Amino acid sequence: MLNLIIFGSPGAGKGTQAKMLAKQLDLLHISSGEILRQEAKNKKLATQINSYLDKGRLVPDELIIKLITERLEERLGKIGIIFDGYPRTLSQADFLDKLFERKKLKSPLVISLELEEDVAIQRILSRSKDSNRSDDKLKVITERLKIYHRDTEPLLEYYKSKKRLIKIDGRPDIETVNKAITQQIKKEVN
Ligand code: AMP
């Protein structure tokens with residue numbers, strides 16, 4: 001069973017590629033950012049979640065782990081999953097590993113989309129016209145990138161050491177990146 005993590009900085013194209021891969025490979029798309037934006041519509045959690053999202057900070061591990069687990073419990077091991085935006089910290093990765101181990105599943109393949117920071121910023125700014133996301137403003141983008149480098153980028157070494165990391169050039173157009181990913185996945189699966 002194929003389980004994937006799509007990894008990269010804000011603006012790398014994770015969401016776009018994850019949606020395409022989910023369709024092409026028949027995977028369940030789990031986007032932590034989408035889940036949080038959805039949960040933020042519910043009055044009970046809205047203030048708490050928005051206080052992080054609006055500043056570009058990560059929500060606490062306990063909260064995101066709980067929300068992800070709720071969506072995984074019944075499905076992990078039954079259908080393939082593509083994780084988009086999760087894990088973002090070492091403790092989130094550790095939690096996911098343990099879940100996979102408990103279910104006796106092979107750990108997910110990690111697709112890392114690589115691109116320069118100025119390209120990522122330009123992409124987010126151009127998407128901001130349609131995205132309606134309160135965190136697609138330059139000040140918040142800068143904070144999200146800082147946190148990415150500090151808390152999330154170290155996961156690359158972690159997955160590299162597990163030999164489950166595939167690096168993909170994230171600079172070309174959407175279709176080209178998608179082809180590069182699917183070709184690499186085929187090689188891994190065969
Ligand atoms: P994204 O849609 O992946 O860019 O995520 C949007 C925002 O949601 C991030 O800037 C964080 O504030 C929050 N977020 C998403 N995924 C996570 C995660 N795995 N851990 C903590 N916060 C997250």
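As the structure lists them, so they are numbered: ligands from 1, and atoms in each ligand from 1. Both backbone and side-chain heavy atoms feed into the values below; hydrogens, waters and symmetry mates do not. What you see is a predicted model, and the numbers here were worked out from it, not measured in a lab.
Hydrophobic clustering, defined by side-chain heavy atoms of Ile, Leu, Val, Met, Phe, Trp and Tyr closer than 4.5 Å, groups M20 together with I174. Counting Ile, Leu, Val, Met, Phe, Trp and Tyr side chains that sit under 4.5 Å apart, directly or through other members, I147 shares a hydrophobic cluster with L58.
The structure places CD1 of I81 at 11.0 Å from CD1 of I5, a figure rounded to the nearest 0.5 Å.
Applying the salt bridge (Lys or Arg N to Asp or Glu O under 4.0 Å) test to residues at least two apart or on different chains, the pairs with a partner in residues 52-72 are E39-R71, R57-E143, K66-E70.
Protein residues having a heavy atom under 4.0 Å from any atom of ligand 1 are S32, G33, L36, R37, L53, R57, L58, V59, I64, G85, Y86, R88, Q92, R133, D135, R144, listed by chain and number.
Of the options I30, I35, I6, a side-chain contact (heavy atoms from CB on, under 4.5 Å) to D84 is made by I6 and by none of the others.
Defined by atom type and a distance below 3.5 Å, a donor-acceptor pair is missing between the side-chain atoms of E34 and H29.
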